[in-house]
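Some notes on the structure that comes next.
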Amino acid sequence: MAPGTDVSPQTQGWDGGCSVSKGRLPVMEDENDDNSENLSQSKTGKPPRNLSCMRHCSSTAFFIDPELDIGIISLKSPSTENSGFLPIFRSGSCSEKGPKQYMEDEYICVDNLPKHLPTVVDCPAPGAFYGVFDGHGGIDAASFTKKNILNYIVEDSQFPSSTKKAIKSAFVRADHALADAKSVDSSSGTTALTVLILGRTMLIANAGDSRAVLGKRGRAIELSKDHKPSCTSERLRIERLGGVIYDGYLNGQLAVARALGDWHIKGSKGSKSPLSAEPELEEINLTEEDEFLIIGCDGLWDVMSSQCAVTIVRKELMSHNDPEKCSKALVQEALQRNTCDNLTVVVICFSPEPPPKIEMPRSHRRRSISAEGLDRLKGVLNNV
């Protein structure tokens with residue numbers, strides 16, 4: 001990985017606290033949060049989680065790599081809702097066991113969904129489907145969900161006329177199928193994050209602590225929420241249903257508040273359980289400003305902020321335009337940061353072209369201090 005360089009004097013950038021070490025990609029320090037959970041994570045060197053301020057962020061600031069001659073401009077784009085923009089999908093993935101003894105992650109990448117599905121299925125084009133599944137208690141639940149979740153979605157009677165309902169029904173169906181599958185142990189479970197794109201409409205469905213992050217002209221926009229038991233909304237739901245949180249774990253057993261499977265915790269089908277399989281959905285319409293999407297299991301996000309990951313991927317795409325290499329770069333960076341988990345990352349690009357350089361003309365406005373201001377400054381300095 002290429003070392004960083006100093007910021008050029010004619011380029012105005014944001015000091016994002018990005019650290020650079022020899023032989024490594026430039027990386028960002030992690031943002032602070034008022035949340036006590038996030039504060040405790042910051043002390044241990046982990047990025048804060050549940051950064052609501054990053055969701056649909058309107059900031060125009062992002063990390064600057066002068067070697068690539070990137071500057072800051074307004075992020076307004078000539079594209080509009082009626083521009084006729086249609087994405088072209090290409091993806092790359094990387095999955096590593098990491099320091100754990102066993103690999104329990106799974107993922108799926110379908111860049112051309114209409115071609116992948118049977119002709120009897122009515123699927124708008126262009127279309128694509130992606131997913132990451134972080135298993136626990138073995139890989140069985142993750143493998144089962146990977147193999148079946150897409151079929152459950154497209155086989156639903158509400159697809160594609162009511163896609164959101166079809167996706168929610170598919171998650172419930174997969175969860176119940178795990179209870180009935182004799183090949184899957186009842187103590188096996190998995191998080192599930194899926195991405196379904198039909199035309200320009202992208203639907204993110206998440207149950208668990210995997211994460212989807214959109215790269216939008218250098219900004220990181222989180223499109224999913226990490227379902228940790230200590231998250232306020234999840235904690236209230238868990239406690240309302242009779243569950244408890246002990247040392248950050250649901251019922252002292254599980255580090256996530258939502259998952260498929262884990263029927264040893266959920267009890268019988270049809271009962272209300274503190275451990276939910278219901279996904280949260282996020283829908284957006286893609287525009288020309290939306291450059292790529294990163295989806296990954298928590299092994300990545302435990303040691304890297306969303307903005308850092310977007311910065312790395314954008315830099316890599318501008319260098320070689322290969323999403324596969326981008327995924328590997330994120331995995332290698334997470335390993336160097338001593339992640340404690342399996343690592344699975346998928347990078348999805350929405351255009352065949354690399355991200356454009358973003359440049360800003362040098363400002364010629366002269367700035368000076370007023371005579372009154374100068375006198376006040378002298379007074380302050382004389383009293384020091």
Side-chain angles (χ1 to χ4, degrees), residues 89 91-98 100 102-113 115-118 121 123 127-156 159 163 166-197 202-212 224 227 254 256 258-263 275 277-281 293-301 323-324 327 331 341-348:
F89 308 115
S91 64
S93 58
C94 184
S95 192
E96 294 282 350
K97 181 167 68 72
K100 296 191 76 173
Y102 303 106
M103 182 60 175
E104 296 178 312
D105 288 356
E106 291 277 15
Y107 67 94
I108 182 172
C109 297
V110 180
D111 291 329
N112 189 336
L113 186 57
K115 185 177 179 180
H116 177 83
L117 298 176
V121 177
C123 179
F129 183 80
Y130 308 93
V132 290
F133 312 96
D134 186 351
H136 45 265
I139 199 173
D140 291 350
S143 297
F144 181 92
T145 306
K146 168 195 171 179
K147 292 175 183 176
N148 293 286
I149 192 68
L150 177 56
N151 289 335
Y152 290 166
I153 293 173
V154 299
E155 289 172 2
D156 192 277
F159 178 86
T163 312
I167 292 173
K168 286 189 175 183
S169 296
F171 270 63
V172 172
R173 181 179 173 186
D175 186 44
H176 288 178
L178 285 168
D180 298 331
K182 295 180 179 179
S183 60
V184 179
D185 191 279
S186 63
S187 63
S188 181
T190 184
T191 68
L193 187 151
T194 64
V195 181
L196 177 63
I197 314 175
M202 181 164 70
L203 275 165
I204 310 290
N206 182 48
D209 57 0
S210 295
R211 193 186 299 176
S224 65
H227 294 136
L254 206 57
V256 291
R258 302 194 189 198
L260 279 64
D262 293 297
W263 285 97
L275 178 62
E278 181 181 355
E280 283 193 313
L281 270 64
L293 183 75
I294 305 168
I295 60 173
C297 298
D298 68 326
L300 175 70
W301 309 115
E324 186 88 9
S327 298
V331 166
D341 207 346
N342 300 147
L343 284 157
T344 297
V345 178
V346 178
V347 174
I348 304 116

Margin query: Main chain of His136, side chain of Asp134: is a donor-acceptor contact present, judged purely on distance under 3.5 Å?
Written below: no
Item checked: Value rounded to 0.5 Å, distance of OG1 in Thr194 from CD1 in Ile167 -> 5.5 Å
Note to self: Show, in sequence, the C-alpha distance, side-chain angles and deciding distance for Lys168 and Leu281, and conclude whether the side-chain contact (heavy atoms from CB on, under 4.5 Å) test is met.
What the structure shows: CA-CA 9 Å; Lys168 286 189 175 183; Leu281 270 64; 4.1 Å; yes
Note to self: Can you confirm whether Arg173 sits close enough to Asp156 that some side-chain heavy atom of one is under 4.5 Å from a side-chain heavy atom of the other?
What the structure shows: no
Item checked: Matching residue for Ser95 among Asn342, Asp105, Thr344 - test: side-chain hydrogen bond (donor to acceptor under 3.5 Å, both in side chains) -> Thr344
Notebook entry, point to check: So how far is it from Leu150 CG to Glu155 CD, rounded to the nearest 0.5 Å?
Noted result: 9.0 Å
Check: Is Asp341 salt-bridged to Lys100, cutoff N-O under 4.0 Å?
Finding: yes
Next item on the list: For the residue pair Leu193 and Tyr130, establish whether any side-chain heavy-atom pair is separated by less than 4.5 Å.
Entry: no
Checklist line | Flag for Tyr107-Ser93: side-chain donor and acceptor within less than 3.5 Å | finding: yes
Next item on the list: Any chance you could measure Ile149, atom CD1, to Thr190, atom OG1, to the nearest 0.5 Å?
Entry: 10.0 Å
Note to self: Whether the side chain of Ser224 engages the backbone of Ala212 through a donor-acceptor N/O pair (distance < 3.5 Å, no angle test) should be reported.
What the structure shows: yes
Check: Any sub-3.5 Å donor-acceptor pair from Asp175's side-chain atoms to Gly261's backbone N or O?
Finding: yes
